[in-house]
Trainee: 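The structure under discussion is supplied below as structure tokens; questions concerning it will follow.
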Amino acid sequence: MRIATWNINSVKQRLGHLLAFLAEDAPDVLCLQEIKCVDEAFPRAEVEAAGYNVAVYGQKAFNGVAILARRPIEDVKRGLPGRDWADQEGEDQARYLEASISTDTGAVRVASIYLPNGNPPDTPKYDYKLRWMERLTEHAQNLLTLEEPLVLAGDYNVIPDPRDAARPEIWVSDALFLPPTRERFRALVDLGLTDALRACSDAGGLYSFWDYQAGAWQKNNGIRIDHLLLSPQAADRLQHTTIHRSLRALEKPSDHVPVSVDLAV
DNA sequence: ATGCCTGCGGTTCGCAGA
């Protein structure tokens with residue numbers, strides 16, 4: 001089965017691209033981030049007509065995550081345990097959605113993750129990012145005790161390694177690449193998770209995001225920040241990881257492209 | 001050194017993103 005993740009940067013602006021991707025690539029599961037709408041505004045009818053079930057955790061204007069799946073979506077959980085950290089206005093941020101997807105050989109647990117950006121680093125936004133990462137790690141530790149196929153997929157807003165940026169020097173003071181960020185990402189992976197792309201390739205130049213500004217796409221000035229982290233039971237079944245680069249060349253693209261894994265289940 | 005773009009809310013600008 002194919003499980004994909006995509007920061008779509010507004011599902012309303014990108015509905016055409018979304019339906020085309022579902023039709024042409026036909027992933028079994030698609031985790032979306034930055035849908036930027038409330039639950040009621042998600043284009044559920046169009047996505048269901050394309051053959052997908054939908055689980056949404058949205059909010060007004062910002063953030064928002066969803067899980068689309070051809071098979072039934074069960075045991076849906078909105079937010080990290082204990083509710084998400086409140087922002088300065090006291091509202092919860094819709095950044096984590098988890099569910100179980102049935103397969104012929106058992107269930108796969110999937111999470112759609114939109115990890116906080118954290119910039120600028122000398123502000124509470126960075127503290128929020130680091131604490132969110134610690135809460136995610138604590139939750140992942142609990143999920144791993146289930147010893148089931150698990151895919152933690154999403155926009156982590158983390159550049160794990162210098163080879164994951166075309167120009168690492170411009171990110172050295174950025175919340176996506178600062179040592180505390182990378183250390184916490186490493187701590188998450190070190191629980192026993194596998195970075196699916198790195199299990200398939202050691203190469204540089206494999207990016208999932210290109211900024212809209214300054215011709216980043218045309219210069220291939222990209223970074224790899226969208227990741228699928230696999231439990232041992234999922235990693236054992238990993239066949240392939242794909243970065244769907246061509247979507248960045250479309251008219252009115254998202255600044256991120258989908259990344260997918262093929263699992264032998 | 002700064003802004004470069006894009007989406008959103010709400011109004012022609014500010015905020016957020018990365």
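Proteins get letters first, then strands, A, B, ... in listed order; numbering begins at 1 in each. These numbers come from a predicted model, not from an experiment.
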Trainee: Expressed as a whole number of angstroms, how long is the span from A:Lys129:NZ to B:dG17:C1'?
Mentor: 11 Å

Trainee: Is the phosphate of B:dA18 approached by A:His256 (side-chain N or O, under 4.0 Å from OP1 or OP2)?
Mentor: yes

Trainee: Using a 4.0 Å heavy-atom cut-off, does A:Asn7 contact any base of the nucleic acid, only the sugar-phosphate backbone, or nothing at all?
Mentor: sugar-phosphate

Trainee: Regarding A:Asp104 and A:Arg71, does a basic nitrogen lie under 4.0 Å from an acidic carboxylate oxygen?
Mentor: yes

Trainee: Under 4.0 Å from OP1 or OP2 of B:dG17: is there any side-chain N or O of A:Arg95 that close?
Mentor: yes

Trainee: Exactly one of A:Leu191, A:Leu144, A:Thr194, A:Leu152 should register a side-chain contact (heavy atoms from CB on, under 4.5 Å) with A:Ser231. Which one does?
Mentor: A:Leu144

Trainee: Atom CG of A:Asn63 to atom C1' of B:dG17: distance rounded to whole Å?
Mentor: 10 Å

Trainee: Figure out the CD/P separation between A:Gln33 and B:dG7, and round it to whole Å.
Mentor: 17 Å

Trainee: Round to a whole Å and report the spacing from CD of A:Glu34 to P of B:dG17.
Mentor: 8 Å

Trainee: If you take all heavy atoms of A:Ala94 and A:Tyr57, which pair is closest and at what distance?
Mentor: CB-O, 3.4 Å

Trainee: Has A:Arg14 got a side-chain N or O lying under 4.0 Å from the OP1 or OP2 atom of B:dT6?
Mentor: no

Trainee: What does the list of N/O pairs under 3.5 Å between the protein and nucleotides 9-13 of chain B look like, with a distance for each?
Mentor:
none

Trainee: Over how many whole Å does the gap from A:Trp217 atom CH2 to B:dT6 atom P extend?
Mentor: 15 Å

Trainee: Would you say A:Ser10 places a side-chain N or O within less than 4.0 Å of OP1 or OP2 belonging to B:dC8?
Mentor: yes

Trainee: Find the distance between CD1 (A:Ile113) and CG (A:Asp226) and round it off to the nearest 0.5 Å.
Mentor: 11.5 Å

Trainee: Say we look at B:dT12 and B:dG7: how far apart would their C1' atoms be, to the nearest angstrom?
Mentor: 16 Å

Trainee: Look up atom CD in A:Gln13 and atom OG in A:Ser254, then write down how far apart they are to the nearest 0.5 Å.
Mentor: 11.5 Å

Trainee: Does a side-chain N-to-carboxylate-O contact under 4.0 Å join A:Arg198 and A:Asp164?
Mentor: yes

Trainee: List the steps and the verdict of side chain to side chain donor-acceptor pair (under 3.5 Å) for A:His139 and A:Glu98.
Mentor: CA-CA 11 Å; A:His139 183 54; A:Glu98 180 187 313; 2.7 Å; yes

Trainee: At under 4.0 Å between heavy atoms, what does A:Tyr114 touch on the DNA or RNA strands: base, sugar-phosphate, or nothing?
Mentor: sugar-phosphate

Trainee: When rounded to the nearest Å, what value does the distance between P atoms of B:dA1 and B:dG14 take?
Mentor: 24 Å

Trainee: Take atom CD of A:Gln93 and atom C1' of B:dG17, then tell me their distance rounded to the nearest Å.
Mentor: 12 Å

Trainee: Between B:dG10 and B:dT6, how far apart are the P atoms? Round to whole Å, please.
Mentor: 23 Å

Trainee: Distance between the C1' atoms of B:dT11 and B:dT2, in whole angstroms?
Mentor: 26 Å

Trainee: State whether A:Arg2 and A:Asp262 are salt-bridged, where the test is any N-O pair (Lys NZ or Arg NE/NH1/NH2 against Asp/Glu carboxylate O) under 4.0 Å.
Mentor: yes

Trainee: Please report, rounded to the nearest Å, how far the P atom of B:dC8 is from the CD1 atom of A:Ile8.
Mentor: 11 Å

Trainee: Specify the residue among A:Trp171 and A:Tyr212 whose closest nucleotide of DNA chain B lies further upstream toward the 5′ end.
Mentor: A:Tyr212

Trainee: A:Lys125 has a side chain; which of B:dA18, B:dA16, B:dG7 sits nearest to it?
Mentor: B:dA16

Trainee: B:dC4 P sits how many Å from A:Ile170 CD1, rounded?
Mentor: 17 Å

Trainee: Take a 6.0 Å sphere around CD of A:Glu138 and say whether it holds more than 12 heavy atoms from other residues, nucleotides or ligands.
Mentor: no

Trainee: Reading DNA chain B from 5' onward, which residue's closest nucleotide shows up sooner: A:Asn157 or A:Pro253?
Mentor: A:Pro253

Trainee: Remember a base hit wins even if backbone is also touched, and classify A:Asp155 as base, sugar-phosphate or nothing at under 4.0 Å, heavy atoms.
Mentor: sugar-phosphate

Trainee: Could you tell me whether the phosphate oxygens of B:dG17, OP1 or OP2, come under 4.0 Å of any side-chain nitrogen or oxygen in A:Gln213?
Mentor: no

Trainee: It should be established whether A:Asn117 places a side-chain nitrogen or oxygen under 4.0 Å from OP1 or OP2 of nucleotide B:dA18.
Mentor: yes

